[in-house]
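In this text, all values refer to a predicted model and were calculated from it rather than measured experimentally.
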2 protein chains.
Amino acid sequence: MRPTVHDIAAAAGVSLATVDRVLNQRPGVRHVTREKVENAIREIGYVRDVAAANLAKGRTYPLVFILPASDNSFMHGLNDEVRAAVARSPAERTDIRTIEVPAFDPTALVTVLDELCEERPSGIALVATDAPDVRDAVDRLVNDGIPVVTLVSDLTGSQRHHYAGVDNIAAGRTAARLLGRFLSSAKGEIAVLAGSMLVRDHRERLEGFAAVIAAEFPSLSILPVIEGRDDPEMAYMLVADALSKKSGIIGVYSLGAGNRGLIRALKEKAVDRSLTVIAHELTAHTRAALLDGTIDAILNQNAGHEVRSAIRVLKAKADGLAVIEAQERIRLDIFLKDNLP
Amino acid sequence: MRPTVHDIAAAAGVSLATVDRVLNQRPGVRHVTREKVENAIREIGYVRDVAAANLAKGRTYPLVFILPASDNSFMHGLNDEVRAAVARSPAERTDIRTIEVPAFDPTALVTVLDELCEERPSGIALVATDAPDVRDAVDRLVNDGIPVVTLVSDLTGSQRHHYAGVDNIAAGRTAARLLGRFLSSAKGEIAVLAGSMLVRDHRERLEGFAAVIAAEFPSLSILPVIEGRDDPEMAYMLVADALSKKSGIIGVYSLGAGNRGLIRALKEKAVDRSLTVIAHELTAHTRAALLDGTIDAILNQNAGHEVRSAIRVLKAKADGLAVIEAQERIRLDIFLKDNLP
DNA sequence: CCAAATTTGATGTACGTAAATCAAAAACTG
DNA sequence: CAGTTTTTGATTTACGTACATCAAATTTGG
């Protein structure tokens with residue numbers, strides 16, 4: 001059986017109360033006694049039974065998720081996952097609240113963050129808009145001792161405790177290599193559809209994509225980025241327009257959301273052309289497009305994993321525990337029509 | 001605060017003892033009373049506090065992992081993950097034992113399984129060799145009420161409770177599409193290196209691979225499968241031999257283990273040829289080969305996820321709880337040189 | 001060396017559930 | 001309706017930890 005506090009007390013030759021004082025860093029223990037206990041803990045390999053501890057403490061973790069109010073499938077999916085986490089709340093001792101803010105709006109985000117400074121929840125997860133004001137607001141929270149993790153998109157230069165999302169530079173590079181190899185030695189132009197260069201994840205994907213295309217696929221040239229604000233309608237118009245005007249396009253990389261619009265544009269304007277298309281985020285729309293051949297590959301981040309990881313990290317930080325970075329790494333999924341879940 | 005057993009007792013107008021009898025299906029409760037309690041549980045939305053229950057029960061789960069004694073990186077990795085799970089045992093209330101059996105040896109596997117029938121652990125996970133004798137031995141265990149999950153490779157027609165591994169047909173199909181698209185319209189032969197057709201995962205990968213190549217890439221033809229028994233030495237000799245004799249080979253699919261040998265053969269015999277190579281399992285060797293361009297893509301199953309999933313499922317089955325299949329789905333990782341972890 | 005302050009021990013209660021015991025009540029049986 | 005069986009209630013202990021209280025021992029300062 002694993003050792004308990006009683007075993008430590010016996011091993012260290014002190015009382016249960018003293019062990020408790022050491023374990024929970026309460027005052028009133030002499031230095032020598034504290035060391036005796038700590039040695040005993042190490043020697044018999046005691047690890048606190050977290051379940052029992054939480055039971056005794058009756059602790060709950062009030063957490064806040066700040067999500068952009070974007071009308072695209074990915075954000076809806078992210079919302080669903082947070083709701084699923086709320087449903088698991090009783091078992092996980094969490095108490096999760098969601099706040100919606102306008103997308104790509106640093107000011108709104110800062111307002112919300114500053115309000116939370118007062119409320120002092122156990123932890124905050126936010127989809128960051130990458131702006132200095134937001135960074136400062138986050139740093140204020142961090143300095144106030146409130147754990148903060150960025151979700152999906154990171155915040156440059158901030159002191160956030162953790163980023164729960166994929167490596168977007170790697171994602172862009174991967175997209176480039178897939179596109180480049182699928183197109184073999186063909187020569188032509190690549191259209192890139194993004195949401196906004198205001199969010200770091202989109203900027204990084206583009207950066208990685210452009211780097212690999214430039215270095216390894218010189219026969220491909222990248223057209224100026226189309227910013228569709230993750231909005232299906234806007235994406236449709238912009239992409240349809242580009243396809244009409246540019247006849248040299250042989251590939252498309254959609255690195256943001258709003259793929260509904262992209263797919264519609266492709267079906268209307270590119271039926272006769274054999275485009276190679278790579279998109280991000282597996283949704284009902286992109287899945288159908290992958291299956292019918294409109295899209296050739298989908299890069300995906302699993303929103304469920306991201307939400308669960310964010311919660312685990314926030315809880316750990318709230319308790320001052322270490323995070324196993326390797327375990328919290330969010331993988332980049334690559335889907336072809338054959339390995340869809 | 002979430003409801004407790006006391007709340008149910010009050011709501012149902014019965015005593016705590018009766019609630020306990022219903023919750024833990026103990027005898028001595030009239031049908032009407034039982035229903036009263038069950039209604040109360042449903043109405044106030046009670047969910048058992050598993051942490052508290054486990055604490056009270058002091059329950060542990062003796063589990064057994066049966067792994068093949070193969071000297072390749074993947075199996076070493078699997079072993080490491082099981083050891084990591086052993087390290088987490090105290091926190092997870094598991095008590096995990098590992099048994100090594102000779103690889104591809106149904107008889108040895110059956111012997112071990114039959115011994116476990118006596119020992120009656122809480123659950124068994126095994127890397128199955130796909131043979132009727134093994135299936136019968138597993139079915140005996142299942143009929144004895146012992147939870148059994150297959151790990152990495154499944155067992156045809158058996159009543160095992162769960163399979164913790166990737167969809168190998170999908171994996172084979174994915175490999176075929178990647179290879180086909182990377183090779184574009186090139187014409188030539190594809191060499192396939194497998195471990196053994198005695199294990200179902202390898203058979204299924206081949207099946208999926210061959211199906212897609214035949215249906216969608218008619219310019220490619222598949223050479224007779226090379227069986228390297230997941231052994232690096234054997235794989236080296238067989239692949240080197242094939243590369244020397246067949247000059248029409250333009251692609252290689254390695255669907256099993258022993259890639260150390262494959263890589264050596266490729267470096268020695270195919271420096272001058274531009275082969276497209278897809279292999280399974282990310283190890284130190286395949287990773288290096290992917291980075292230096294010897295391998296073009298790696299399909300991977302995350303051994304850690306498989307082991308953790310197997311444990312979760314075995315525990316759930318031991319307690320007669322339902323498994324959330326979607327959560328236990330093991331994803332197929334696709335690695336290019338750009339998205340390595 | 002005495003008083004004050006600090007450190008330690010002893011003990012009890014609580015968290016939510018499991019499991020057991022024994023008594024009381026209710027339901028059946030003939 | 002008495003006697004038996006079944007069902008229910010009341011109560012207690014336990015799991016491992018947290019936390020509070022009060023008394024006792026030890027150390028410290030003057």
Peer 1: Test your reading of the model: is there a side-chain donor-acceptor pair from A:Asp7 to the backbone of A:Thr4, 3.5 Å cut-off?
Peer 2: yes
Peer 1: Salt-bridged, A:Arg120 to A:Asp144, with N to O below 4.0 Å?
Peer 2: yes
Peer 1: In the 5'-to-3' direction, what one-character label does each nucleotide of nucleotides 23-30 of chain D receive under the scheme B = base within less than 4.0 Å of a protein heavy atom, S = sugar-phosphate only, - = no such atom?
Peer 2: ----S---
Peer 1: Using atom CD1 of A:Ile8 as one end and atom C1' of C:dG9 as the other, report the distance to the nearest whole Å.
Peer 2: 17 Å
Peer 1: Mind checking side chain to side chain donor-acceptor pair (under 3.5 Å) for A:Gln301 and listing every partner two or more places apart, or none if nothing turns up?
Peer 2: A:Glu281
Peer 1: Could you check whether B:Arg140 pairs with B:Asp114 (Lys NZ or Arg NE/NH1/NH2 to Asp/Glu carboxylate O, under 4.0 Å)?
Peer 2: yes
Peer 1: Write out a two-atom table: protein N or O, nucleotide N or O from nucleotides 10-18 of chain C, distance below 3.5 Å.
Peer 2:
from	atom 1	to	atom 2	distance (Å)
C:dC15	O2	A:Ala56	N	3.2
C:dG16	N2	B:Ala52	O	3.4
C:dT17	OP1	B:Tyr46	OH	2.6
C:dT17	OP1	B:Asp49	N	3.3
C:dT17	OP2	B:Val5	N	2.8
C:dA18	OP1	B:Asn24	OD1	3.4
C:dA18	OP1	B:Arg48	NE	2.6
C:dA18	OP1	B:Arg48	NH2	3.1
C:dA18	OP2	B:Asn24	ND2	3.3

Peer 1: May I have the distance from B:Arg34 (atom CZ) to D:dT6 (atom C1'), rounded to whole angstrom?
Peer 2: 13 Å
Peer 1: Hey, does the side chain of B:Asp139 reach the backbone of B:Gln159 with a donor-acceptor pair shorter than 3.5 angstrom?
Peer 2: yes
Peer 1: Identify all side-chain donor-acceptor contacts of residues 310-326 of chain A below 3.5 Å with residues at least two apart in sequence or on another chain.
Peer 2:
from	atom 1	to	atom 2	distance (Å)
A:Arg312	NE	A:Glu328	OE1	3.4
A:Arg312	NE	A:Glu328	OE2	3.0
A:Arg312	NH2	A:Glu328	OE1	3.0
A:Lys315	NZ	A:Glu92	O	2.7
A:Asp319	OD1	A:Arg59	NH1	2.6
A:Asp319	OD1	A:Tyr61	OH	3.4
A:Asp319	OD2	A:Tyr61	OH	2.5

Peer 1: So which pairs with a foot in residues 21-35 of chain A pass salt bridge (charged side-chain N to carboxylate O under 4.0 Å, His left out), sequence neighbours left out?
Peer 2: A:Asp20-A:Arg26
Peer 1: Which residues satisfy the side chain to side chain donor-acceptor pair (under 3.5 Å) test with B:Ser158, sequence neighbours excluded?
Peer 2: none
